[in-house]
Amino acid sequence: MRAIVVKSWLKGPSDMEVKDIPIPTPKDGELLVRVDSAGANFFDILMVQGKYQIKPPFPFTPGAEFSGTVVKASPSDPRFATGDRVFGSNPTGAYAEYIAVPSIQCFHIPPTLSFEQAAGFYITYPTSYAGLVLRAGIKQGDWVLVHAAAGGVGIAAIQIAKALGAHVIAAVGSDSKFELCRQQGAEHCINYSESTWPAKALELTSGKGVDIVYDPVGLVEKSLKCVAWNGRIVVVGFAAGTIESVATNRILLKNVAVTGVHWGAYVRNEPERIPEVWDALFKLAEDGLIKPVVYEPVFSGLDRVKDALSAIAGRQTHGKVVVRPSELPLPKL
Ligand SMILES: NC(=O)c1ccc[n+]([C@@H]2O[C@H](COP(=O)([O-])OP(=O)(O)OC[C@H]3O[C@@H](n4cnc5c(N)ncnc54)[C@H](OP(=O)(O)O)[C@@H]3O)[C@@H](O)[C@H]2O)c1
């Protein structure tokens, strides 16, 4: 099969090479999946450079999210059969034509989602659901300010907040993303590259401020200027590249709760909450209330992974960036 193979730390994604390697043999408890689509993430860039927290042994194939068809089921997991449409995640291996992956890291694709939409469902949606519901205790009628609203977790947060009856203000880095955010359910859009954005958020909430700030960027300090009494600020990520130091007096003055969400760590720390989150998401997907937005164009062929990752690094994308590893139908195994 064809796969991206990394044999030493690279300068960047443009140094990635596509090689012919054997199809992986699934171990006990693993499914062999023919990859239809792979979700691209900024951390893929860091991983091939050796700058990410996970440093796989060489050689490895990057790519952490996928959707595809089961070609070899696992005798120890009767939930999956050959031919099933699945999506899932693994620290490595998705930028390939086939992936062997523990079945517990896979789900069936809801009938309402395509392979391309499902490829980016595994990380973004549960992160945003856990952030808004488990951490911020979102309620009907809350005002939610979503930063990086046109990105992967941002679009998921808009859709989930809207589905749960909240009002959404989408904050993005350019006005060209306003229309997309409105289509996802945002009532108002603001541009955080303009310094007046906290004042605008206050104005939109008649001076009261927003009840929840969902922050994948690193805008806690400024968001404290437009958060309401008893507001909740959810720290999701640091897309702007710096980790903030915050003047804690503002947290006290407005009775604010600043909380983090680290979805990937629920497996280790609170596994009992995971089915609750997925059950809720599958119900929302089946009701058509959430639907991943796939960035166009979808990148076709493993040679295009570098272009997909460059587009993410260049801040040119919205929604979820997806790569289809095979340009042609794969032969039957
Ligand atoms: N805590 C968790 O469990 C968890 C889970 C998933 C992701 N995350 C984190 O959440 C963040 C967003 O992830 P994502 O998947 O939504 O990423 P994404 O789709 O690549 O979106 C990131 C967005 O951040 C915005 N941004 C603001 N300042 C930026 C800067 N200086 N450079 C680049 N982008 C900037 C950009 O939108 P504008 O151009 O509109 O500003 C960009 O579209 C990442 O930091 C990621 O690590 C955390």
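Atoms considered below: every heavy atom in the structure, side chains included; atoms not considered: hydrogens, waters and symmetry mates. All values reported here derive from a predicted model rather than from experimental measurement. Note that ligands are numbered from 1 as they come in the structure, with each ligand's atoms numbered from 1 the same way. Quick note: residue numbers are just sequence positions, from 1.
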Are side-chain heavy atoms of Ile190 and Leu145 found at a separation under 4.5 Å?
yes
The option among Leu46, Ile123, Val321, Ile155 carrying the non-hydrogen atom nearest to atom 6 (C) of ligand 1 is Ile123
Decide yes or no for Asp44 and Pro13: does some side-chain heavy atom of the first lie under 4.5 Å from some side-chain heavy atom of the second?
no
Spell out, as yes or no, whether a donor-acceptor pair under 3.5 Å connects the side chain of Glu244 to the backbone of Leu219.
yes
Quick test: of every protein heavy atom, which one is nearest to atom 37 (O) of ligand 1, and how far off is it to 0.1 Å?
Lys177 NZ, 3.5 Å
Hey, is atom 35 (C) of ligand 1 under 4.0 Å from any protein heavy atom?
yes
Sole residue of Phe87, Phe282, Phe80 in ring-ring contact (aromatic ring centres under 6.0 Å, His included) with His108
Phe80
Just to be sure I read this right, does ligand 1 sit under 4.0 Å from the backbone of Lys320, its side chain, both, or neither, counting only heavy atoms?
neither
Show your reasoning for whether side-chain contact (heavy atoms from CB on, under 4.5 Å) applies to Gln159 and Leu284.
CA-CA 10 Å; Gln159 293 179 356; Leu284 290 172; over 6 Å; no
Taking N or O atoms only and a 3.5 Å limit, does Thr317 qualify as a polar contact for ligand 1?
no
Ligand 1 contacted by Phe43 (non-hydrogen, < 4.0 Å)
no
Report the member of Leu219, Val153, Asn41 with the shortest heavy-atom distance to atom 7 (C) of ligand 1.
Val153
Using a 4.0 Å cut-off to any heavy atom of Ala148, which atoms of ligand 1 qualify?
23 (C), 24 (O), 25 (C)
Any non-hydrogen side-chain atom of Gln49 less than 4.5 Å from a side-chain atom of Trp9?
no
Interfacing atoms of ligand 1 (cut-off 4.0 Å, heavy-atom, Gly151)
16 (O), 19 (O), 21 (O)
Per-atom filter on ligand 1: closer than 4.0 angstrom to a heavy atom of Thr127 are 2 (C), 3 (O), 4 (C), 5 (C), 6 (C)
Report the nearest protein non-hydrogen atom to atom 32 (N) of ligand 1: residue, atom name, distance rounded to 0.1 Å.
Ala239 O, 3.4 Å
Name the option, out of His147, Gln316, Arg315, that contains the heavy atom nearest to atom 29 (C) of ligand 1.
Arg315
Specify the protein heavy atom at minimum distance from atom 9 (C) of ligand 1: its residue, its atom name, and the distance to 0.1 Å.
Val236 O, 3.7 Å
Joint cluster assignment, Val298 & Leu113, ILVMFWY side-chain distance < 4.5 Å:
no
Candidates Gly173, Ser128, Gly120; heavy atom nearest atom 40 (O) of ligand 1 found on Gly173
Lys55, NZ: over 12 other non-hydrogen atoms inside 6.0 angstrom
yes
Ligand 1 to Val172, heavy atom cutoff 4.0 Å, flagged ligand atoms 40 (O)
Of the protein's non-hydrogen atoms, which lies at the shortest distance from atom 3 (O) of ligand 1, and what is that distance?
Trp263 N, 3.0 Å
Taking only heavy atoms of Pro216, which atoms of ligand 1 are found under 4.0 Å from at least one of them?
10 (O), 11 (C), 12 (C), 45 (O)
Provide, to 0.1 Å, the distance between atom 41 (O) of ligand 1 and the closest protein heavy atom, together with that atom's residue and name.
Tyr192 OH, 2.5 Å
How about Tyr214 and Val153: do any of their side-chain heavy atoms sit closer than 4.5 Å?
yes
Identify, for atom 19 (O) of ligand 1, the protein heavy atom at the shortest distance, and state residue, atom and that distance.
Gly152 N, 2.8 Å
Should the ring pair Tyr192 and Trp197 be called parallel, tilted or perpendicular, given that the plane angle runs from 0 to 90° and is split at 30 and 60?
perpendicular
Report yes if some N/O of Gly154 lies less than 3.5 Å from some N/O of ligand 1; otherwise report no.
no
For atom CG of Asp279, is the number of surrounding heavy atoms from other residues, nucleotides or ligands below 6.0 Å larger than 12?
yes
Against ligand 1, does Ala240 come closer than 4.0 Å with any heavy atom?
yes
Taking 4.0 angstrom as the limit and counting only heavy atoms of Val261, give me the atoms of ligand 1 inside it, by number and element.
1 (N), 2 (C), 3 (O)
Report, in ascending order of atom number, the atoms of ligand 1 lying under 4.0 Å from any heavy atom of His262.
3 (O)
Considering non-hydrogen atoms of the protein only, which is the closest contact for atom 20 (O) of ligand 1, and what is the distance?
Ile312 CG2, 3.9 Å
Interatomic distance, Asn230 atom CG to Ile212 atom CD1 [nearest 0.5 angstrom]:
11.5 Å
Are there over 12 heavy-atom neighbours, none belonging to Glu270, within less than 6.0 Å of that residue's CD?
yes
Atoms of ligand 1, numbered as shown, that sit under 4.0 Å from any heavy atom of Phe238:
45 (O)
Does Glu203 pair with Lys200 as a salt bridge, N-O distance under 4.0 Å?
no
Sub-4.0 Å protein heavy atom near atom 47 (O) of ligand 1
no
Would you confirm whether the ring centroid of Trp278 sits within less than 6.0 angstrom of the ring centroid of Tyr129?
no
